[in-house]
Amino acid sequence: MDWCEKASCRDVDPDLFFPIGDSGPTLLQIDEAKAVCHRCPVMGECLAQALTADPVEGIWGGTTEGERRAMGRRPAGPSGGTAAAPV
């Protein structure tokens with residue numbers, strides 16, 4: 001996973017990416033983690049890793065666990081694969 005060396009989250013407290021819950025103040029934490037992801041040059045690689053290693057806890061590639069589960073339930077796209085979500 002050479003892409004990890006380029007990840008923006010390397011210099012951030014890892015606890016930010018593992019929120020407990022999904023309401024109240026935790027929503028701010030999730031938004032902060034996603035903001036780090038959206039500035040990251042390897043966000044796509046991170047998301048791909050999380051999707052192939054599913055289930056993966058925490059925020060990966062700018063997505064929550066629930067968002068990644070929803071991606072897995074999407075109907076197949078024209079190529080027969082799972083339709084990709086905009087990142």
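Every heavy atom of this structure was used, including side-chain atoms; hydrogens, water molecules and symmetry mates were not.
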Rounded distance (nearest 0.5 Å) linking atom [atom1] of [X] with atom [atom2] of [Y]:
X: E45; Y: C4; atom1: CD; atom2: SG; answer: 9.5 Å
X: M43; Y: T63; atom1: CE; atom2: OG1; answer: 8.5 Å
X: C9; Y: I59; atom1: SG; atom2: CD1; answer: 11.5 Å
X: R68; Y: W60; atom1: CZ; atom2: CH2; answer: 8.5 Å

[Y] side chain reached by [X] side chain, heavy atoms, under 4.5 Å:
X: P41; Y: W3; value: no
X: V36; Y: F17; value: yes
X: E65; Y: V56; value: no
X: T26; Y: I20; value: no

Locate the shortest heavy-atom distance separating [X] from [Y]; write the atom from each residue and the value.
X: Q29; Y: L16; value: NE2-O, 3.1 Å
X: A7; Y: C40; value: CA-SG, 3.7 Å
X: H38; Y: G62; value: NE2-O, 4.3 Å

What residue pairs, at least two apart or across chains, pass salt bridge (charged side-chain N to carboxylate O under 4.0 Å, His left out) with a residue in residues 10-38?
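Matches after skipping sequence neighbours: K34-E67.
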